Amino acid sequence: MKAAIIATTLLALAAPLAAAVNPKTYGPVAAFKDSWISVAPIESAKPHGSEPVLKASTEKFALLGFTLPSEATQAPNRLLSCELTLPPFNTPVPPLNITLQVAVANTWDEATVNGDNRPGLLGDEFTFYVEDTKQPIKIDATEQCKIAAGKGTGFSLFVGSPKAPYEFKSRETGMGATLVATVSSWA
């Protein structure tokens with residue numbers, strides 16, 4: 001009997017707290033802008049924002065722009081997780097690492113961004129191992145989202161592929177990169 005009373009009391013105390021922290025998931029949300037840029041001197045001034053294919057290699061970087069939920073940009077500590085899904089490689093290659101790095105700003109313009117006017121980099125480069133390049137690539141991008149949310153902006157990041165060229169579909173194809181964000185929402 002005492003155990004039942006204690007359990008009932010604990011449930012009564014915990015119920016309001018459980019209701020207060022209610023995770024909310026947004027997405028999958030497609031990138032609202034994307035492009036690829038080249039840092040090679042011969043190509044750096046050319047924009048590539050309307051092309052159906054994004055490119056990443058040692059001198060080419062895909063640039064993706066997402067909107068983060070307002071709960072995350074107003075209070076970054078409420079961001080619980082972000083999962084980035086990149087399309088499979090257009091031409092599969094053996095397993096390799098790809099890199100991600102957060103852009104300083106999300107204000108770049110898809111039609112005009114190029115290697116000369118690209119946004120700066122923020123924080124460290126993150127490396128992810130890709131086992132199967134024929135399948136969509138799912139990446140835990142929680143830390144990258146938190147970095148961007150801490151700036152109070154949307155989420156832009158550079159994608160690189162230092163070992164083999166990575167070409168994948170852009171948002172213009174309807175099959176581009178997506179993001180799923182989960183935030184705690186206080187009731």
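Since the structure is predicted, the reported quantities are computational estimates derived from the model, not experimental observations. Along the sequence shown, the residues carry numbers beginning at 1.
Judged purely by atom type and a 3.5 angstrom limit, Asn114 uses its side chain to pair as donor or acceptor with the backbone of Ala45. In this structure, the side chain of Lys60 does not engage the main chain of Ala40 through any donor-acceptor pair within 3.5 Å. Judged by distance alone, with hydrogens and angles left aside, the side-chain atoms of Ser35 form a donor-acceptor pair with the main-chain N or O of Gly49 at under 3.5 Å. Although no hydrogens or angles enter the test, the distance criterion places no donor-acceptor pair under 3.5 Å between the side chain of Gln101 and the main chain of Leu157. In this structure, the side chain of Thr133 engages the main chain of Val93 through a donor-acceptor pair within 3.5 Å. For Arg171 (side chain) and Ala177 (main-chain N/O), no donor-acceptor pair under 3.5 Å exists by modelled atom type. The main-chain N or O of Pro52 is found under 3.5 Å from a side-chain atom of Ser170 such that the two form a donor-acceptor pair. In this structure, Asn117 contributes its side chain and Thr112 its backbone to a donor-acceptor pair below 3.5 Å.
Using a 4.5 Å heavy-atom cutoff, the side chains of Leu63 and Pro119 are in contact. Proximity of Ile137 to Gln135: side-chain heavy atoms (C-beta onward) are nowhere separated by under 4.5 Å. Looking only at side-chain heavy atoms (C-beta outward), Ser156 and Trp108 come within less than 4.5 Å of each other. Looking only at side-chain heavy atoms (C-beta outward), Lys33 and Asn106 come within less than 4.5 Å of each other. No side-chain heavy atom of Asn97 sits less than 4.5 Å from a side-chain heavy atom of Pro162. At least one side-chain heavy atom of Ile147 sits under 4.5 Å from a side-chain heavy atom of Phe126. Taking 4.5 Å as the limit, every side-chain heavy atom of Val180 sits out of range of all side-chain heavy atoms of Tyr26.
The structure places NZ of Lys138 at 6.5 Å from OG1 of Thr178, a figure rounded to the nearest 0.5 Å. Distance check, rounded to the nearest 0.5 Å: CG of Leu96 to CD of Glu131 gives 10.5 Å. The CZ atom of Phe89 sits 10.5 Å away from atom CG of Asp132, with the distance rounded to the nearest 0.5 Å. In this structure, Ser161 OG and Lys55 NZ are separated by 13.5 Å, a value rounded to the nearest 0.5 Å. Remark: Lys169 NZ to Asp34 CG distance equals 13.0 Å, nearest 0.5 Å. The structure places CD of Gln144 at 8.0 Å from CD1 of Ile139, a figure rounded to the nearest 0.5 Å.
Phe155 is not connected to Val29 by any chain of hydrophobic side-chain contacts under 4.5 Å among Ile, Leu, Val, Met, Phe, Trp and Tyr, and they are in different clusters. Hydrophobic clustering keeps Val53 apart from Leu86 (ILVMFWY residues linked when any side-chain heavy atoms are closer than 4.5 Å, directly or through intermediates). In this structure, Ile37 is not a member of the same hydrophobic cluster as Val159, with clusters built from ILVMFWY side-chain heavy atoms closer than 4.5 Å. Note on Val113 and Leu121: same hydrophobic cluster, where clusters join Ile, Leu, Val, Met, Phe, Trp and Tyr whose side-chain heavy atoms are under 4.5 Å apart, directly or indirectly. No continuous path of ILVMFWY side-chain contacts below 4.5 Å connects Met175 to Phe66, so the two sit in separate hydrophobic clusters.
Atom CG of Asp124 sits in a sparse spot, with 12 or fewer heavy atoms from other residues, nucleotides or ligands closer than 6.0 Å.
Using a 30° and 60° split on the angle between ring planes, Phe61 and Phe158 fall in the perpendicular class, above 60°.
Among residue pairs with one or both ends in residues 92-165, those qualifying as disulfide (SG to SG under 2.5 Å) are Cys82-Cys145; sequence neighbours excluded.
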side-chain contact (heavy atoms from CB on, under 4.5 Å) between Leu80 and Thr142, intermediate numbers included: CA-CA 7 Å; Leu80 301 174; Thr142 303; over 6 Å; no
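The closest side-chain donor-acceptor pair between Thr182 and Thr25 falls under 3.5 angstrom.
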